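Structure first, then comments.
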Amino acid sequence: MAEDRNDFLAMVSKIINEKVSEFTAAHPDTPIYSQADKDKMAEGAADIISKFVSVPSDNASPAKNAKEERSEAVSRDIMPIIERVKKELPPRPCIKLTPSEGENIDIFESKVGGMPYFPKGLPYPKGLSGACENSPLRFLAQLNFDRLPKLEGFPGKGMLQFFCADDNDECVYGMNYDEPFSQNGFRVIYHENIITDREMLCTSEDIPAPDPDGCFPVTGEFLLPPSETMPCNADINDCRFEDKLFSYCSEECGERINTIYKLKKHGYDTERLYENEYEKHNSRIGGYPLFTQSDPRDADCTDCDTLLFQLDSFSIRGSNSEIMWGDMGIANFFISKDELARCDFSKVMFNWDCG
């Protein structure tokens with residue numbers, strides 16, 4: 001048994017190393033693992049396990065491994081179903097934001113980190129209860145809609161700001177897993193009319209200094225130059241896309257399908273679901289969201305059906321400045337389209353995850 005165990009461990013090491021080498025060779029510029037790559041590694045693990053637990057006897061025919069069984073499954077074309085879902089979830093306009101490192105970026109710019117625009121006399125946001133009660137929240141980012149391209153459904157003017165907790169204990173940055181709409185450890189503030197008289201605005205001396213031992217996703221500061229308004233296609237990352245896809249595939253197969261694994265089991269080429277995923281790793285306003293794990297919303301997400309702001313991890317080789325949500329994660333702020341139309345930002349959902 002010891003020899004069998006050693007052989008098994010050696011086989012695991014060999015295949016996992018091969019998979020990791022293939023991935024790093026194919027994607028040398030990014031450490032992000034897409035779901036497709038995770039699926040490939042899972043397939044390798046499944047092959048290993050099936051070989052280990054199904055040891056053929058001298059008189060038995062060799063057991064088929066997982067990959068051989070899948071190859072004999074009925075091959076189904078998933079593209080017609082993807083196109084059907086896309087018709088029901090048409091492209092949404094978005095503005096792509098590409099961070100650019102800077103210093104002392106002006107307070108009127110759309111940016112991440114640094115000194116925010118903030119009128120004198122306005123109460124600075126603080127935590128409301130729990131570990132961050134009465135603790136000043138830290139400036140995360142701001143969007144100047146006076147200067148951004150016009151985006152349907154979004155404000156045509158004003159400054160939208162995001163603050164979150166600088167927590168050195170839990171490092172969740174004010175996100176509440178159980179109550180994601182609770183603006184206790186984070187805050188979204190909208191200034192409908194931007195004051196241009198700098199004498200009426202706070203200076204760095206008026207803004208609470210960050211905790212030097214705090215845990216925060218931003219080091220340094222970044223300008224957020226915008227793209228022109230552009231379409232963003234829905235994909236498997238969005239809970240509504242996933243729900244419709246599983247429903248239509250279930251109809252076609254005559255069996256309930258509710259996981260990617262079951263799609264593969266029924267012969268669907270699931271890699272088609274993740275084509276061009278790396279191109280979608282960016283910060284943006286509007287469009288459809290991207291996650292490193294999964295959409296935390298339900299398919300019936302009317303209270304958070306609109307991506308308000310997505311802030312992706314970003315780093316520059318050789319620089320100490322970075323935006324880093326855990327291990328190359330992504331943060332998302334969601335709102336309902338009706339509340340967005342009213343410029344009511346009191347009910348915003350905050351979520352971030354990492355690989």
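Worth saying up front: this structure is predicted, and the values here are computed from it rather than measured.
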With heavy-atom distances below 4.5 Å as the criterion, would you say the side chains of [X] and [Y] are in contact?
| X | Y | value |
| --- | --- | --- |
| Pro226 | Ile285 | no |
| Arg198 | Ile107 | yes |
| Ile335 | Lys347 | no |
| Leu273 | Leu263 | yes |
| Leu224 | Pro99 | yes |
| Asp295 | Asn351 | no |
| Asn176 | Phe186 | no |
| Asn144 | Leu160 | no |

Hey, any chance [X] and [Y] share a hydrophobic cluster, counting ILVMFWY side chains that come within less than 4.5 Å of each other, even indirectly?
| X | Y | answer |
| --- | --- | --- |
| Phe139 | Val348 | no |
| Leu223 | Ile95 | no |
| Leu97 | Ile105 | no |

To the closest 0.5 Å, what do you measure between [atom1] ([X]) and [atom2] ([Y])?
| X | Y | atom1 | atom2 | result |
| --- | --- | --- | --- | --- |
| Arg76 | Cys249 | CZ | SG | 9.0 Å |
| Ile194 | Asp146 | CD1 | CG | 4.0 Å |
| Met79 | Ile81 | CE | CD1 | 11.0 Å |
| Asp312 | Lys96 | CG | NZ | 10.0 Å |
| Glu251 | Arg256 | CD | CZ | 13.5 Å |
| Cys343 | Lys157 | SG | NZ | 9.0 Å |

State whether a side-chain donor-acceptor pair under 3.5 Å links [X] with [Y].
| X | Y | value |
| --- | --- | --- |
| Asp303 | Ser336 | no |
| Ser182 | Asn184 | no |
| Glu101 | Ser319 | yes |

Discussion item. Going by ring pair (Phe, Tyr, Trp, His ring centres under 6.0 Å), Phe345 matches just one of Tyr190, Phe309, Phe334. Which one?
Written reply: Tyr190
Treating [X] as the side-chain partner and [Y] as the backbone partner, does any N or O pair qualify as donor plus acceptor under 3.5 Å?
| X | Y | value |
| --- | --- | --- |
| Asp166 | Pro210 | no |
| Asp238 | Tyr288 | no |
| Trp352 | Leu311 | no |
| Gln310 | Asn282 | yes |
| Gln142 | Glu109 | yes |
| Ser110 | Leu143 | no |
| Ser315 | Glu322 | no |
| Ser313 | Gly329 | yes |
| Lys150 | Gly156 | yes |
| Glu221 | Lys111 | no |

Item to complete: Please find out if less than 6.0 Å separates the ring center of Phe333 from that of Phe162.
Response: yes
Worksheet, complete the sentence: Residue pairs meeting ring-ring contact (aromatic ring centres under 6.0 Å, His included), one or both in residues 214-257, sequence neighbours left out, come to Phe222-Phe314
Worksheet item: Any chance CE of Met200 has more than 12 other-residue heavy atoms, nucleotides or ligands included, within less than 6.0 Å?
Response: no
Worksheet item: Is the count of non-hydrogen atoms from other residues, nucleotides or ligands lying under 6.0 Å from Asn320 atom CG greater than 12?
Response: no
Discussion item. Could you work out, with side-chain contact (heavy atoms from CB on, under 4.5 Å) as the rule, every residue matching Pro217, not counting sequence neighbours?
Written reply: Leu140, Tyr173, Trp325
Pairs of donor and acceptor atoms involving the side chains of residues 114-126, under 3.5 Å and at least two apart or interchain, shall be tabulated with distances.
unit_1 : atom_1 : unit_2 : atom_2 : d
Tyr117 : OH     : Ile195 : N      : 2.8
Lys120 : NZ     : Glu199 : O      : 3.2
Tyr124 : OH     : Leu137 : O      : 3.0

Fill in: Carboxylate-amine/guanidinium proximity below 4.0 Å for Asp305 and Arg297
no
Worksheet entry | Arg240/Asp298 ion pair, N-O < 4.0 Å | no
